[in-house]
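As structure tokens, the structure follows; a few thoughts come after it.
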Amino acid sequence: MNQNSLQINYSNLNAQQKQAVQHIEGPIMIIAGPGSGKTRVITERIAYLISTNINPGNILALTFTNKAANEMKKRIHEITQNQEAYSIWMGTFHSIFAKILRKEAHIIQYQNNFTIYDNEDSLKIIRRIIKDKKLDKEVYQAKYIFSRISIMKNQLIDHKEYKKNEELINYDKINKRTEFINIFNEYSNICHQSNCMDFDDLLLNTYYLFRDNPEILEKYQVLFKYILIDEYQDTNKVQDKIIKQLGEKYKNICIVGDDSQSIYSFRGANVKNMLNFKFFYKNVQEFKLEQNYRSTKNIVTVANTLISNNKEKIDKTIFSSKENGEKIQLIEYYNDREEGDRTASIIEKSIQHTKKSEHAILYRTNSQSKVVEDGLRKRGIKYKIFGGLSFYQRKEIKDIMAFLKLIVNHNDDESLLRIINYPTRGIGNTTITKIRQHAVNKRKSIWNLLNSKELDEINFTKNTKNKLIIFKNILEDLFDVINENIFKIIELLEEKTGIIKKLEADPTEDNINKLKNIGELFNSIKLFSVRKNKNTLIDFINEVSLDESKEEVNLNKEEYVSLMTIHQSKGLEFSHIYILGVENGLFPSERSIKTLKGVEEERRLFYVAITRAIKTITISYTLNRFQFGTMIKSTKSFFLDEIDNHLQKTYSPRNNYTIPKNRYFKKPVTPKLKNQRLKKIKKEKYKDHRNLEIGQKITHNIFGKGEIQMVDNSDGNEKITVLFSNNERKILLTKFAKFEIIS
DNA sequence: CGGTAGAATATTTTT
DNA sequence: TATTCTACCG
């Protein structure tokens with residue numbers, strides 16, 4: 001340990017920061033305003049704990065993302081020069097608790113190889129339940145049902161509790177959703193039966209584990225002597241409860257957060273957890289980090305003015321010692337096309353003397369990015385959109401992952417259903433439904449059913465049954481290698497799943513890309529196993545299931561303008577911020593406007609947006625906006641009235657606004673265009689990569705064995721003439737025909 | 001059973 | 001507009 005380096009760091013801390021770092025015993029609340037050096041305080045605090053000879057393995061630090069955790073660990077290692085820094089229990093609630101649950105799984109009637117369902121999986125299950133029950137899908141909208149289940153679980157109400165709760169049952173009656181409890185029930189059973197947990201289960205089961213097993217709780221209380229939680233304002237009820245369980249013994253709990261930046265109530269987050277912390281524990285030490293080191297005085301003033309309209313908040317005065325800076329710009333546009341185009345144009349001018357990476361365009365909803373993209377593309381300005389699908393949510397990746405999950409956890413029905421007929425194996429909907437129903441009745445997982453004599457009890461045609469057996473054999477072959485090393489598993493996946501073959505058979509641009517992604521996945525699995533130096537399929541799947549990371553923010557210091565939703569911008573900073581579409585109904589959103597709570601959350605969201613800026617902010621709204629295929633009138637957000645005095649306004653609407661034609665104009669890649677392009681590729685030349693020759697024996701998926709008699713590539717579109725064993729001669733297009741070469 | 005075309009429908013944020 | 005569902009035909 002290097003005391004000197006520690007001291008050097010402290011001299012850079014202000015008085016409050018220093019106190020927050022060095023006060024280590026008892027319950028502590030650090031209220032950290034935007035730009036107040038929060039991350040530094042957290043890392044230095046943990047480093048300080050270690051410097052006082054606290055064992056890093058006794059520290060639990062819960063962060064908002066796993067990426068943040070990794071960065072902090074690295075930083076703490078640098079400060080303390082203590083290799084043990086990496087043994088800190090640091091990560092998201094979900095990933096840390098998944099780790100604990102895996103160890104203690106048997107206690108809560110799970111197997112320790114349980115797999116994790118993401119939201120897509122959960123939704124699919126719920127859709128299926130609703131369909132099976134033949135319920136009106138207007139009344140029982142899968143998304144709504146799922147979010148209600150999720151909210152319930154966040155409130156510590158599982159399906160059993162729900163059944164007992166008359167108030168809730170009554171609520172369903174009033175809303176004519178009496179079947180809700182049955183869906184909830186069945187969903188929970190399916191998850192458990194499949195030895196799977198969804199995101200909420202990871203939290204709720206941890207809570208139950210501790211609640212019902214005092215000796216286990218004690219073990220972890222002793223292990224986690226020092227607990228630190230970042231972004232406490234965004235915790236939900238289960239998370240708050242678990243922290244209270246774990247912290248009960250030593251009460252060394254340090255929560256960090258900013259009530260003004262709580263923006264995740266839609267997934268159960270509750271600011272009250274933070275507000276009530278003071279009342280739950282006695283002698284809570286409170287530290288307020290009020291100096292904003294990020295933004296100009298003007299920006300901080302606007303942010304303060306805005307947030308003062310919220311009633312529910314902790315008193316604090318954020319201030320900046322930086323220069324006044326420029327006034328916040330407000331621009332009114334005629335429509336969203338103009339907004340996108342002009343914003344791009346403003347950035348075009350600005351990047352003559354600033355870096356692209358200093359600019360970020362923020363918006364409320366993902367769909368707003370489109371018009372700005374057009375504007376930027378037209379001007380040849382490089383940009384990157386954050387959000388959308390993460391790598392691990394892509395279809396082709398999830399398909400492969402389904403096989404991997406199934407290898408680890410044979411009972412994972414959702415994964416099995418995903419690939420039972422992909423690539424197509426002649427197992428259609430009727431068969432799948434039959435087999436599913438039967439599995440439900442027998443209370444078995446589908447794999448267990450396939451693998452048992454009971455399969456014979458279902459009346460399938462011989463053909464269907466054969467197909468099921470072929471599928472079963474594929475799985476068996478894969479399951480055999482679970483204990484082999486990962487390289488072998490990958491090899492087998494490539495060979496057995498047929499996914500790669502299917503994609504290769506139809507090499508469109510899209511499919512080639514998918515193949516690349518799959519290759520990337522295989523590489524990262526290999527890297528992972530080399531890095532961790534053991535057979536770690538479960539660990540890998542675990543990490544992937546909880547990997548929330550999307551596009552890395554400026555990984556290679558590349559130069560581009562960043563586009564993202566305000567939610568995604570949390571924790572980031574940029575010199576120049578552009579906030580688009582600040583209109584009633586969009587920001588604040590239509591839904592939120594009905595309740596005061598909703599409006600206050602949207603206001604906090606606006607606060608987050610404003611406080612991302614270091615130097616300048618440009619806010620805009622439009623009078624007309626294209627939505628759902630039609631143009632609608634819109635009005636400027638009432639949030640803007642709340643900060644009216646601080647704004648420098650420009651009105652640019654002219655009804656005849658035309659978008660300037662441009663030098664670098666490239667057409668946007670709409671799906672239609674993309675399809676046309678794909679079709680073109682298909683029409684273009686094709687030659688089989690296997691170098692087909694006369695005399696080669698092949699086997700065709702329909703016509704069986706045959707011999708190539710002629711290869712014709714005269715028009716660039718390769719055809720082969722094949723004499724099949726039944727003496728039939730056929731001409732096949734190699735780009736479409738499915739066949740293997742035997743010799 | 002599998003693939004596709006065209007209709008129907010939904011649009012907030014995501015660990 | 002973008003995505004998901006449905007109906008139909010090979």
Side-chain angles (χ1 to χ4, degrees), chain A residues 62-69 91-98 116-120 122-124 127 131 137-138 141-144 146-147 150 153-154 198-203 231 234-236 238-239 262-269 336 362-371 386-390 392-393 421-433 461 463-464 467 502 506 545-550 564-570 581 585-593 598 601-602 604-606 608-609 625-632 668 670-672 674-675 702:
Chain A
L62 297 168
T63 55
F64 201 59
T65 66
N66 284 312
K67 206 180 106 207
T92 59
F93 276 87
H94 296 266
S95 68
I96 296 286
F97 294 160
I116 296 165
Y117 283 153
D118 66 14
N119 288 348
E120 192 194 331
S122 301
L123 263 177
K124 275 190 180 171
R127 284 212 180 93
K131 217 173 180 178
K137 57 179 186 179
E138 292 293 301
Q141 286 178 35
K143 269 189 189 162
Y144 170 81
F146 178 47
S147 90
S150 175
K153 291 206 264 194
N154 285 176
D198 68 12
F199 288 137
D200 302 312
D201 291 333
L202 291 173
L203 304 175
E231 308 280 14
D234 284 328
T235 55
N236 59 34
V238 214
Q239 290 169 326
S262 169
I263 55 175
Y264 282 102
S265 72
F266 65 90
R267 63 174 200 228
D336 55 332
L362 309 182
Y363 35 78
R364 179 70 244 264
T365 64
N366 276 311
S367 59
Q368 288 170 257
S369 71
K370 213 177 158 283
V371 279
F386 296 86
L389 283 187
S390 86
Y392 292 107
Q393 287 171 326
N421 201 31
Y422 180 82
T424 45
R425 302 187 172 82
I427 305 173
N429 271 331
T430 348
T431 312
I432 294 173
T433 311
T461 63
N463 194 16
T464 312
K467 283 169 177 165
K502 188 188 161 86
D506 181 22
S545 302
L546 298 169
D547 183 354
E548 72 289 347
S549 66
K550 312 243 157 166
M564 66 186 86
T565 64
I566 300 165
H567 280 90
Q568 284 161 1
S569 75
K570 189 174 181 189
L586 185 62
F587 196 11
S589 76
E590 197 63 54
R591 283 191 186 189
S592 68
I593 226 155
E601 170 138 333
E602 294 282 307
R604 291 193 294 264
L605 192 57
F606 196 22
V608 168
R625 182 168 292 276
F626 200 62
Q627 231 172 1
F628 317 143
T630 47
M631 196 61 92
I632 55 155
T670 61
K672 261 185 204 160
K674 216 175 182 179
N675 282 337
I702 297 165

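Bear in mind that the values here come from a model prediction, so they are computed numbers and not experimental data.
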Heavy-atom pair of closest approach, residues A:N66 and A:S95: OD1-OG, 3.0 Å
A:N366 side chain near B:dT13 phosphate (N/O to OP1/OP2, under 4.0 Å): yes
Test of ring centre spacing under 6.0 Å for A:F146 and A:Y144: no
Atom pair OG1 (A:T92) and CD (A:Q239), whose distance is rounded to the nearest 0.5 Å: 9.0 Å
Residue closer to the 5' end of DNA chain B, A:E602 versus A:G426 (nearest nucleotide): A:G426
Nearest-nucleotide pick for A:K502, side chain only, options being B:dT15, B:dG3, B:dT11: B:dG3
Counterpart residues, side chain to side chain donor-acceptor pair (under 3.5 Å), relative to A:R625 (two or more places apart): A:E339, A:E583
Polar side-chain contact A:R364-B:dT13 base: donor and acceptor under 3.5 Å: yes
For A:R364 against A:L605, the heavy-atom pair lying closest together: NE-CD2, 3.3 Å
Between N or O atoms, less than 3.5 Å apart, protein on one side and nucleotides 8-10 of chain C on the other: list the pairs.
none

Ring centroids of A:F266 and B:dT13 base under 5.5 Å with planes under 30°: yes
Value in whole Å for how far the C1' atom of C:dT4 lies from NZ of A:K124: 12 Å
A:F626, nearest nucleotide to its side chain (from B:dT15, C:dT1, B:dG2): C:dT1
Short side-chain N/O contact from A:T431 to OP1 or OP2 of B:dC1, under 4.0 Å: yes
Side chain of A:K143 (C-beta onward), nearest among B:dT11, B:dT13, C:dT6: B:dT11
Among B:dT13, B:dG2, B:dT14, the one nearest A:T365 by side-chain distance: B:dT13
Whole-Å gap separating P (B:dT15) and OH (A:Y392): 15 Å
side-chain N/O A:T65 vs B:dT14 OP1/OP2, d < 4.0 Å: no
Nucleotide nearest A:K370 (side chain, heavy atoms from C-beta), chosen from B:dG2, B:dT15, C:dA2: C:dA2
Of the listed nucleotides B:dT14, B:dT11, B:dG3, the one nearest the side chain of A:T424: B:dG3
Donor-acceptor pair present, A:N119 side chain and B:dT15 base, under 3.5 Å: yes
Integer-rounded Å distance: B:dT15 P and A:D200 CG: 13 Å
Interatomic distance where CG belongs to A:D198 and P belongs to B:dT15 [whole Å]: 15 Å
Aromatic plane relationship, A:F266 with A:Y264 - under 30° parallel, 30 to 60° tilted, over 60° perpendicular: tilted
A:R625 CZ - C:dT1 P separation (whole Å): 16 Å
Between P of B:dT14 and CG of A:N66, the distance in whole Å: 17 Å
side-chain contact (heavy atoms from CB on, under 4.5 Å) involving A:V238 - partner list, sequence neighbours excluded: A:N154, A:L156, A:L203, A:L204, A:Y207, A:N236, A:I242
Below 4.0 Å: OP1/OP2 of B:dT14 and any side-chain N or O of A:Q568: yes
5' priority, DNA chain B, between A:T430 and A:H567 [closest heavy atom]: A:T430
Test item: A:Y363 side-chain N/O and A:I566 main-chain N/O as donor-acceptor pair under 3.5 Å: no
Separation of atom CZ in A:F64 from atom P in B:dT13, rounded to whole Å: 15 Å
A:F606 and A:F587 aromatic ring geometry - parallel, tilted or perpendicular at 30°/60° bounds: perpendicular
Between B:dT13 (P) and A:K570 (NZ): distance, integer Å: 16 Å
Sugar-phosphate only, base, or nothing, as touched by A:L605 at under 4.0 Å among non-hydrogen atoms: nothing
